[in-house]
Amino acid sequence: MSSTDYELFETISSMIKPEFLKSAPLEFQENKSSYNSVVIKPQNNVYRNLDFTSFVFCRIKTTGKENYIGFNLKFRYLFEKLGIPCKSDGKKSTFFRVPIDILYPLSPYRDSLSAVLNEIFVALFSFAPFGCCSKYVQCSDEKNCLHEDVIYSSVCMYRKNLENGRIFYGKNCNI
C-alpha cells in the first residue's frame, strides 16, 4: 500500500459526515490491480438488511503515468457542476476519473467537494423516499430529525421540510 493512497483515503474519510460513518464506516481496501478502493462497510440494522458486506465508494490510483480518483459514472454530473475536469475510465467502464489534486488543501474545489462526497455516500444506499416516521411530532418539537439511522432518514420527506423551516405538527407548527 502506498502512503499516498492511504493519505487520500484519510482525506476522503475526513470529508464524510461523522454521523454517516458511525453505522457505515469507510475502509481502505488494497487491490491486486493498479488501483485501490475505498469501500463502505454498512452495518445491518432494522432499516438496512443488506445482502452484501461492502460496496465501492471510489477507487484511488497513484501508480503509473496518471494519478486519479475514480467514481461511479452516475455521479459525474456532480463533479462537472463544480467545474472539476472528468475523464472517461474506458469505453465499458462504469467509472470516471477526477484528478487527485482536487483533494489537496489549496484546491479551489476542496470546500464544495465535501457536499458532493456526502451526496454520493448517501446515494449509494438507494433507499426509497418515505413521508415520515413515527417520530414526526417529536421531530417537529425539536425542529430536526431524530431518526436513529441518519443515512436512512436522509430520504425522509418531512426531514427536508424541517430543514427548510416548515413544521406541520407539534408545538412549533408554523404551516
Side-chain angles (χ1 to χ4, degrees), residues 1-45 47-129 145 149-156 159-160 163:
M1 164 186 27
S2 117
S3 62
T4 304
D5 286 12
Y6 196 76
E7 287 171 18
L8 290 168
F9 163 72
E10 289 289 322
T11 300
I12 291 166
S13 295
S14 72
M15 298 173 87
I16 302 296
K17 292 179 180 178
E19 58 266 26
F20 291 167
L21 297 175
K22 282 182 187 172
S23 65
L26 287 177
E27 289 187 10
F28 183 82
Q29 180 178 300
E30 197 166 355
N31 299 327
K32 291 180 182 176
S33 63
S34 63
Y35 60 85
N36 291 312
S37 300
V38 175
V39 296
I40 300 174
K41 301 278 259 182
Q43 300 166 357
N44 283 338
N45 61 29
Y47 310 102
R48 280 185 262 149
N49 189 11
L50 306 170
D51 294 333
F52 45 86
T53 57
S54 67
F55 49 96
V56 176
F57 179 72
C58 67
R59 298 174 174 170
I60 299 172
K61 183 176 181 295
T62 58
T63 58
K65 292 180 186 177
E66 190 176 6
N67 298 330
Y68 62 86
I69 304 166
F71 290 93
N72 189 298
L73 202 50
K74 68 181 175 183
F75 302 116
R76 184 175 181 147
Y77 76 98
L78 294 170
F79 292 89
E80 289 174 336
K81 271 192 330 191
L82 296 177
I84 295 173
C86 301
K87 250 179 136 173
S88 175
D89 199 21
K91 282 186 177 180
K92 294 185 179 185
S93 178
T94 57
F95 282 77
F96 70 96
R97 303 172 181 185
V98 294
I100 62 170
D101 62 357
I102 64 171
L103 292 173
Y104 295 162
L106 298 177
S107 167
Y109 307 110
R110 181 71 189 257
D111 293 337
S112 32
L113 195 56
S114 182
V116 167
L117 294 179
N118 281 285
E119 187 171 339
I120 291 170
F121 189 94
V122 171
L124 286 170
F125 282 89
S126 302
F127 292 120
C145 180
D149 189 326
V150 292
I151 299 170
Y152 179 69
S153 70
S154 67
V155 294
C156 172
R159 176 185 180 147
K160 291 175 182 21
E163 289 170 350

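- Shortest non-hydrogen contact noted between Leu73 and Ser93 is CD2-O, 4.0 Å.
- Going from atom CG of Asp101 over to atom CG of Asn67 covers 10.0 Å, rounded to the nearest 0.5 Å.
- No side-chain heavy atom of Arg97 sits under 4.5 Å from any side-chain heavy atom of Lys61.
- Contact annotation: the side chain of Lys17 never approaches that of Val122 to less than 4.5 Å [non-hydrogen atoms, C-beta and beyond].
- Put simply, the side chain of Leu26 reaches to within 4.5 Å of the side chain of Ile40, judged on heavy atoms.
- Taking each heavy atom of Ser14 and Arg110 in turn, the nearest pair found is OG-NH2, 4.5 Å.
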Problem set entry | Candidate pair Phe28 and Ile12, rule side chain to side chain contact (heavy atoms under 4.5 Å, CB included), full reasoning | CA-CA 11 Å; Phe28 183 82; Ile12 291 166; over 6 Å; no

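- Between Ile84 and Leu113 the shortest side-chain heavy-atom distance falls below 4.5 Å.
- Here the closest heavy-atom approach between residue Val98 and residue Ile102 is recorded as CG2-CD1, 3.7 Å.
- To the nearest 0.5 angstrom, Phe9 atom CZ is 11.5 Å from Ser37 atom OG.
- The line from CG of Asn31 to CG of Asp5 is 10.0 Å long, rounded to the nearest 0.5 Å.
- Expressed to the nearest 0.5 Å, how far OG of Ser112 lies from CG of Leu117 amounts to 10.0 Å.
- Looking only at side-chain heavy atoms (C-beta outward), Lys87 and Tyr68 stay at 4.5 Å or farther from each other.
- Heavy atoms only, all atoms of each residue included: Pro85 and Pro99 are closest at O-CD, 3.3 Å.
- To the nearest 0.5 Å, atoms OG (Ser23) and CG (Asp149) are separated by 5.0 Å.
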For this session: Run the numbers on Val38 and Val56 for side chain to side chain contact (heavy atoms under 4.5 Å, CB included), then give the verdict.
Result: CA-CA 6 Å; Val38 175; Val56 176; over 6 Å; no

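- Remark: side-chain polar atoms of Arg76 are not paired, donor with acceptor, to backbone N or O of Phe96 under 3.5 angstrom.
- The two residues Phe121 and Ala24 have their closest heavy-atom pair at CZ-O, 3.2 Å.
- Using cut-offs of 30° and 60° for the angle between ring planes, the Phe71 and Phe57 rings count as perpendicular.
- By the 4.5 Å heavy-atom criterion applied to side chains, Leu103 and Met15 are counted as neighbours.
- Proximity of Ile16 to Asn118: side-chain heavy atoms (C-beta onward) are separated by under 4.5 Å at one or more points.
- Going from atom OH of Tyr6 over to atom CG of Leu8 covers 12.0 Å, rounded to the nearest 0.5 Å.
- Remark: side-chain polar atoms of Asn72 are paired, donor with acceptor, to backbone N or O of Lys74 under 3.5 angstrom.
- Taking each heavy atom of Glu19 and Val150 in turn, the nearest pair found is O-CG2, 3.3 Å.
- By the 4.5 Å heavy-atom criterion applied to side chains, Tyr109 and Val116 are not counted as neighbours.
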